[in-house]
Amino acid sequence: MSSSSSLLSSSWNDNDGNNNNISSLGQQSLIRCIPPLSGDNYKGSSGRIGILGGSKRYTGAPYYAAMASLKVGADLSFVFCAEEAAIPIKCYSPELMVAPVYQSKEFDTTTTVLPNNEQIMDSNSHAQQLVDDMVHEVTSMMDKLHALVIGPGLGRCPMVFRAVSRIIQEAQSKHQLPLVLDADALFLLTQPEYWQILTNDSIVVLTPNAMERKRLDESNVVLPDTCVILEKGATDKIQPVNQQWQSFHCQEVGGLKRSGGIGDVLAGTVGTVLAWNNILTQQGSACKDDVPLACWTACCFVKRATKVAFGIHQRGMTAPDVLHALGPSINDMTNNAVNN
Ligand SMILES: NC(=O)C1=CN([C@@H]2O[C@H](COP(=O)(O)OP(=O)(O)OC[C@H]3O[C@@H](n4cnc5c(N)ncnc54)[C@H](O)[C@@H]3O)[C@@H](O)[C@H]2O)[C@@H](O)CC1
Ligand SMILES: Nc1ncnc2c1ncn2[C@@H]1O[C@H](COP(=O)(O)OP(=O)(O)OP(=O)(O)O)[C@@H](O)[C@H]1O
Ligand SMILES: [Mg+2]
């Protein structure tokens, strides 16, 4: 079923009567994708999200993804980043638990830059130890997480990629941790040495923009049945690899401003709905088949928040304005769903 719709809201009634209209999808989103808030909840009940990204060059992207997860409704958000990015990100917000997991300057000294600007990792034991240390710093936190978002602001250092590929494999094989791969993590997947790293052990959602999708299609990356491609655009297209799962189109109207960082906001939002699917599945009130609907719900959230933020700020709209609009937009959409 491919449905063009937004999460149920009173201003959107397509009373076409059949069962795939917006209101039924909105109700389904509520019931199967969004855990209820209750007095029995404790810190972390509504999700503990990890963001692996943040480098010397990029500190905003992981911040946008991590803050989006909290603004959507997760309780805790951890950022695993380069030491050089940790202080700036900590300064953006006290709510984020920011852990440096490698030093860019150390990685740079064990990487050789070839005349064609290609970087290769030195094969000495010191370089290997640095990679092992980064892998351990992140994997030792995985038991605390309900989902892990990899890529926002990650950069493309070959040693970081070597560590991240092992983190992805351990997240899937040992922790069955749901993953979101965005931005430079998508670039990693397009590199031949990493074409085969994904497995069926856990859900993996890829969130490419148009250019990143083109690169993926031009590569020979092997995508498992548990993979869902969420291609961002005027219409967000949710395309499961598993033909048994539903595909969705989110045609919710967003805003006209295309500022950097909104994709990172969506990556953090998808991380949260995957955490919710993980929690609801453990409680027996959802299952993995609901992941495409959860991705569609995340797209609706971000599109609506972007529309609200653009309505206020117009050309001056930036990603923080979208973050600010996330909570109120979600409340408006879900409260309407409840009241219909
Ligand atoms: N404030 C920040 O720290 C930000 C950091 N970012 C990070 O920057 C790194 C590189 O991200 P990029 O998005 O630049 O990735 P790429 O290096 O893949 O560049 C994609 C390029 O394609 C272009 N593009 C995007 N959508 C397009 C479309 N529909 N049609 C044609 N061209 C299109 C964009 O102008 C962009 O420069 C990532 O790690 C990312 O997370 C970005 O997310 C932006 C915000
Ligand atoms: N042409 C468009 N019209 C309307 N919305 C769009 C359009 N292109 C993208 N979007 C929306 O903007 C958001 C970010 O998508 P985009 O393609 O900009 O991601 P990105 O390039 O990864 O962004 P980032 O700068 O964060 O990396 C998504 O919610 C997507 O639905
Ligand atoms: Mg992006």
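First listed ligand is number 1; within each ligand, the first listed atom is number 1. Below, each value reflects all heavy atoms present in this structure, side chains not excepted, and no hydrogens, waters or symmetry copies. Counting from 1, the numbers follow the sequence of the chain as shown.
Crowding of K71 atom NZ: a count of heavy atoms from other residues, nucleotides or ligands under 6.0 Å not exceeding 12. Within a 6.0 Å radius of CZ in R162, other residues, nucleotides and ligands contribute 12 heavy atoms or fewer. Other residues, nucleotides and ligands contribute at most 12 non-hydrogen atoms within 6.0 Å of the NE2 atom of H324.
Here the heavy atom of the protein found nearest to atom 27 (C) of ligand 1 is M211 CG, 3.8 Å. Counting protein heavy atoms only, atom 38 (C) of ligand 1 is closest to D184 OD2, 3.3 Å. Closest to atom 31 (O) of ligand 2 among all protein heavy atoms lies D236 OD1, 2.6 Å. Taking atom 22 (O) of ligand 2 as the reference point, the nearest protein heavy-atom neighbour is K232 NZ, 2.7 Å. Atom 26 (O) of ligand 2 has G263 N, 2.8 Å as its closest protein atom, hydrogens excluded (heavy atom only).
For T235 (side chain) and Q251 (main-chain N/O), no donor-acceptor pair under 3.5 Å exists by modelled atom type. Panel note: side chain D182, backbone P152; no donor-acceptor pair is recorded below 3.5 Å. Side-chain N or O atoms of Q282 include none that pairs as donor or acceptor with a backbone N or O of I279 at under 3.5 Å.
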Original post:
Please walk me through it: do D108 and K56 pass salt bridge (charged side-chain N to carboxylate O under 4.0 Å, His left out)?
Top reply: CA-CA 11 Å; D108 291 348; K56 257 188 311 190; 2.8 Å; yes

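Listed by number with element, the atoms of ligand 1 under 4.0 angstrom from any heavy atom of A210 are 28 (C), 29 (N). Taking a cut-off of under 4.0 Å to the non-hydrogen atoms of R156, the atoms of ligand 1 that pass are 16 (P), 17 (O), 18 (O). The distance from ligand 1 to the heavy atoms of G261 drops below 4.0 Å at these ligand atoms: 44 (C), 45 (C). Close approach of ligand 1 to P152 is summarised as follows: ligand atoms under 4.0 Å from at least one heavy atom of the residue are 41 (O).
The shortest separation from a heavy atom of G151 to ligand 1 is under 4.0 Å, placing the residue in contact. Contact annotation: R215 has at least one heavy atom less than 4.0 Å from an atom of ligand 1. Ligand 1 has no atom lying under 4.0 Å from any heavy atom of G263.
Nearest to atom 26 (N) of ligand 1 by heavy-atom distance, out of I89, V265, N209, is N209. Checking Y58, F187, Y63 against atom 7 (C) of ligand 1, the nearest heavy atom belongs to Y58. Considering only non-hydrogen atoms, atom 2 (C) of ligand 2 lies nearest to A234 out of A298, G254, A234. The residue among K307, R304, R213, R258 with a heavy atom at the shortest distance from atom 8 (N) of ligand 2 is R258.
The distance criterion of under 3.5 Å between nitrogen or oxygen atoms is met by K303 with respect to ligand 2. Backbone and side-chain nitrogen or oxygen atoms of G60 are examined, and one is located within less than 3.5 angstrom of a nitrogen or oxygen of ligand 1. Ligand 2 has no N or O atom lying under 3.5 Å from any N or O atom of V302, backbone or side chain. Where the criterion is an N or O separation shorter than 3.5 Å, residue side chain and backbone included, D264 meets it with respect to ligand 1.
Contacts with ligand 1 closer than 4.0 Å are made by heavy atoms of both the backbone and the side chain of A61. At a heavy-atom cutoff of 4.0 Å, ligand 1 is contacted by the backbone of L154 but not by its side chain.
Between Y92 and Y63, the two ring planes are perpendicular [angle over 60°; tilted spans 30° to 60°].
For atom 2 (C) of ligand 1, a protein heavy-atom neighbour is found at a distance under 4.0 Å. Inside a 4.0 Å radius of atom 18 (O) of ligand 2 there is not any protein heavy atom.
Defined by atom type and a distance below 3.5 Å, a donor-acceptor pair is missing between the side-chain atoms of N278 and T281.
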